[in-house]
*Asks:* 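Before we start, here is the structure in question, set down as structure tokens.
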Amino acid sequence: MRNKAGTVINCIFIAVVIAAIVIMSFIFRDDGTESVQRYDLTVLEADREISALYARDGLVYVGTDKGVIIYDADNFAPVDRIEDLSLIYSAGIAGTDDGSIFIGHEKGLTRIGPDGTRTDYMAPDIPKGRVNTVVYDGEYIWCGTYNGAARLKRTTGGDWAADKVMTADDGLKCDSVNVILPLGDDLLIGSYLDNRNGGLTLLYSDGRTEYIGKEQGLPHPYVTSAALTAGDEVLVGCGYMSDGGLAVLKKSGDSYMIRSTYYKDDGLPGEKVRAVFTGGNIAIITTESDGVVAIKLNSGAFLEPEFSSGIYINEENGLSSNEVKCIIKAGNNYWLGTKYGLTLVPAEYIER
């Protein structure tokens with residue numbers, strides 16, 4: 001009886017060890033970094049391509065290839081939609097202090113006023129073509145297409161009108177505009193689909209213009225994304241198909257310069273960086289076809305980031321698509337817009 005009892009105890013012990021090994025295999029990746037495979041992620045709009053996200057007043061504006069869907073940020077229920085606007089590839093949604101919502105889409109730029117009125121902007125008021133990016137700098141709305149950038153200003157009557165259009169003839173590195181990021185009183189503009197002249201244009205408040213391209217160390221001339229950290233660094237995502245990386249810019253004296261660059265060999269999930277997000281002590285970097293990594297920053301600064309302790313998320317552990325095109329934080333979740341669907345990741349998974 002004693003031997004039989006010992007055998008039973010040994011079997012139970014072995015079963016517990018095997019169960020622990022199985023559980024740990026779901027918690028940790030092969031490279032030892034922690035994963036979210038043990039979590040259930042919420043996926044909305046599974047068949048839609050998500051190209052823009054914007055959160056305001058408890059609502060999330062989701063730009064898809066079949067219109068803009070407005071969700072309640074807390075219960076994930078759709079509350080309204082704009083069906084005749086198509087947002088594919090790159091796009092943008094931004095809000096202004098007067099309550100307006102600006103939506104960049106395939107045919108141009110649309111403003112939804114606080115009273116629900118709608119205004120559409122197209123060439124020649126803004127450069128022709130699809131609007132790739134829309135941002136608000138606190139005073140102006142900026143939008144960019146593959147044929148230049150436009151600045152819109154609020155009129156005395158409360159409407160908005162374009163008061164400036166910029167192309168390569170006006171100082172941009174090239175006509176193609178894919179990314180615009182306000183940097184205090186300065187402005188960063190990134191291009192795409194231009195191998196020869198692609199890269200960054202920096203417009204300084206004192207009237208200076210500077211350029212950063214591959215010759216200055218940019219990982220790739222195609223700029224996909226940019227974000228400002230709490231440490232006043234600029235993260236710039238670059239690449240095309242299976243090539244690219246991440247550049248970190250820092251202002252030195254009166255000019256921004258590349259401080260460091262990162263690639264797949266340094267810990268990025270893949271080569272081409274698709275989007276970057278920063279908020280507090282969190283940075284999330286997404287790729288074209290290999291998912292995302294979320295890392296904690298030291299006092300908000302992207303200085304010697306520890307990719308080895310990052311949270312890697314991909315299709316294998318719940319992401320609706322490995323190509324993540326845009327990210328925001330709304331409510332208690334990070335909303336990841338992907339090639340196929342909208343994935344909601346609870347903030348506790350990333351911020352723990």
Side-chain angles (χ1 to χ4, degrees), residues 90 92 94 96-97 102 104 109 126-127 131-154 160-194 196-238 245-262 273 275-278 283 300-303:
S90 296
T96 57
D97 293 342
F102 285 85
L109 180 69
I126 64 173
V131 169
N132 299 318
T133 181
V134 183
V135 298
Y136 179 54
D137 68 3
E139 180 178 5
Y140 300 104
I141 279 284
W142 290 87
C143 68
T145 78
Y146 287 137
N147 296 284
R151 188 181 74 178
L152 283 74
K153 183 179 181 180
R154 191 179 181 192
W160 289 76
D163 72 337
K164 186 175 186 177
V165 173
M166 295 188 67
T167 66
D169 293 336
D170 304 297
L172 296 184
K173 195 165 181 18
C174 64
D175 287 340
S176 172
V177 175
N178 194 48
V179 174
I180 301 177
L181 179 67
L183 302 173
D185 294 329
D186 306 323
L187 193 72
L188 176 147
I189 298 177
S191 68
Y192 200 76
L193 296 180
D194 191 322
R196 182 178 178 182
N197 297 309
L200 301 172
T201 301
L202 287 153
L203 304 176
Y204 294 100
S205 58
D206 60 7
R208 289 179 299 120
T209 301
E210 291 184 341
Y211 307 107
I212 297 177
K214 284 205 71 174
E215 58 274 20
Q216 285 79 36
L218 201 64
H220 198 280
Y222 292 9
V223 179
T224 62
S225 49
L228 185 64
T229 73
D232 291 328
E233 302 141 316
V234 185
L235 307 187
V236 179
C238 305
L246 179 77
V248 180
L249 276 61
K250 183 73 175 178
K251 200 168 188 179
S252 176
D254 295 329
S255 300
Y256 281 93
M257 302 180 67
I258 295 178
R259 187 187 68 195
S260 54
T261 54
Y262 299 91
V273 174
V276 290
F277 169 90
T278 55
F302 201 89
L303 188 61

*Asks:* Mark yes or no for whether Asp175, through its side chain, and Gly148, through its backbone, hold a donor-acceptor pair below 3.5 Å.
*Replies:* no
*Asks:* Hey, does the side chain of Thr229 reach the backbone of Ala301 with a donor-acceptor pair shorter than 3.5 angstrom?
*Replies:* no
*Asks:* Taking side chain as C-beta onward, heavy atoms only, is Pro219 less than 4.5 Å from Tyr262?
*Replies:* no
*Asks:* Atom OG1 in Thr145, atom CD1 in Ile126: separation rounded to 0.5 Å?
*Replies:* 7.0 Å
*Asks:* Mind listing the closest non-hydrogen atom pair of Asn147 and Pro127 along with its distance?
*Replies:* O-CB, 3.6 Å
*Asks:* Looking only at heavy atoms, what is the nearest atom pair of Cys174 and Asp194, with distance?
*Replies:* CB-OD2, 3.4 Å
*Asks:* Would you check if Leu249 and Val236 make a side-chain contact, meaning some heavy-atom pair closer than 4.5 Å?
*Replies:* yes
*Asks:* Side-chain contact, heavy-atom cut-off 4.5 Å: Asp254 with Asp206?
*Replies:* no
*Asks:* List the atom of Val179, the atom of Ser225, and the distance in Å for their closest heavy-atom pair.
*Replies:* CG2-N, 3.5 Å
*Asks:* Quick check for you: to the nearest 0.5 Å, what is the distance between Glu233 atom CD and Ser260 atom OG?
*Replies:* 8.0 Å
*Asks:* Using side-chain heavy atoms (C-beta onward) and a distance below 4.5 Å, is Arg208 in contact with Ser255?
*Replies:* yes
*Asks:* Donor-acceptor check, side chain of Ser176 to backbone of Ser191, threshold 3.5 angstrom: yes or no?
*Replies:* no
*Asks:* Under the side-chain contact (heavy atoms from CB on, under 4.5 Å) criterion, do Asp186 and Leu202 qualify, and how do the steps go?
*Replies:* CA-CA 7 Å; Asp186 306 323; Leu202 287 153; 6.0 Å; no
*Asks:* Within the side chain of Lys251, is there an N or O that forms a donor-acceptor pair under 3.5 Å with the backbone of Asp232?
*Replies:* no
*Asks:* With the side chain counted from C-beta on, respond yes when Asp137 and Ile180 share a heavy-atom pair under 4.5 Å apart, and no when they do not.
*Replies:* no
*Asks:* Does the side chain of Asn197 reach to within under 4.5 Å of the side chain of Tyr211, using non-hydrogen atoms?
*Replies:* no
*Asks:* Ignoring hydrogens and angles, tell me if any N or O in the side chain of Thr278 forms a donor-acceptor pair with the backbone of Ala227 under 3.5 Å.
*Replies:* no
*Asks:* Mind listing the closest non-hydrogen atom pair of Gly171 and Thr201 along with its distance?
*Replies:* O-CG2, 3.9 Å
*Asks:* Classify the side-chain pair Asn178/Tyr222 by whether it contains a donor and acceptor separated by less than 3.5 Å.
*Replies:* no
*Asks:* Would you compute the distance between atom CD of Glu139 and atom CG of Asp185 and round it to the nearest 0.5 angstrom?
*Replies:* 10.0 Å
*Asks:* For the atom pair CD1 (Ile141) and CZ (Phe102), what is the distance rounded to the nearest 0.5 Å?
*Replies:* 5.0 Å
*Asks:* If only atom types and distance count, is the side chain of Thr224 paired as donor or acceptor with the main-chain N or O of Val273 below 3.5 Å?
*Replies:* yes
*Asks:* For a quick test of reading the model, state the closest non-hydrogen atom pair linking Leu246 to Phe302 and the distance between them.
*Replies:* CD2-CZ, 3.8 Å
*Asks:* When you compare the side chain of Leu235 with that of Val248, does any pair of heavy atoms fall below 4.5 Å?
*Replies:* yes
*Asks:* Can you tell me how far the OG1 atom of Thr209 sits from the CE atom of Met166, to the nearest 0.5 Å?
*Replies:* 6.5 Å
*Asks:* Which pair of heavy atoms, one from Gly217 and one from Thr261, lies closest together, and at what distance?
*Replies:* O-CG2, 3.6 Å
*Asks:* Can you check whether Leu172 reaches Asp170 side chain to side chain, under 4.5 Å on heavy atoms?
*Replies:* no
*Asks:* Once you round to the nearest 0.5 Å, how far does CZ of Arg154 lie from CG of Asp163?
*Replies:* 14.5 Å
*Asks:* Check whether Asn132 reaches the backbone of Val177 with its side chain - one donor and one acceptor, N or O, closer than 3.5 Å.
*Replies:* yes
*Asks:* Any luck finding a side-chain donor-acceptor pair between Glu210 and Tyr256 under 3.5 Å?
*Replies:* no
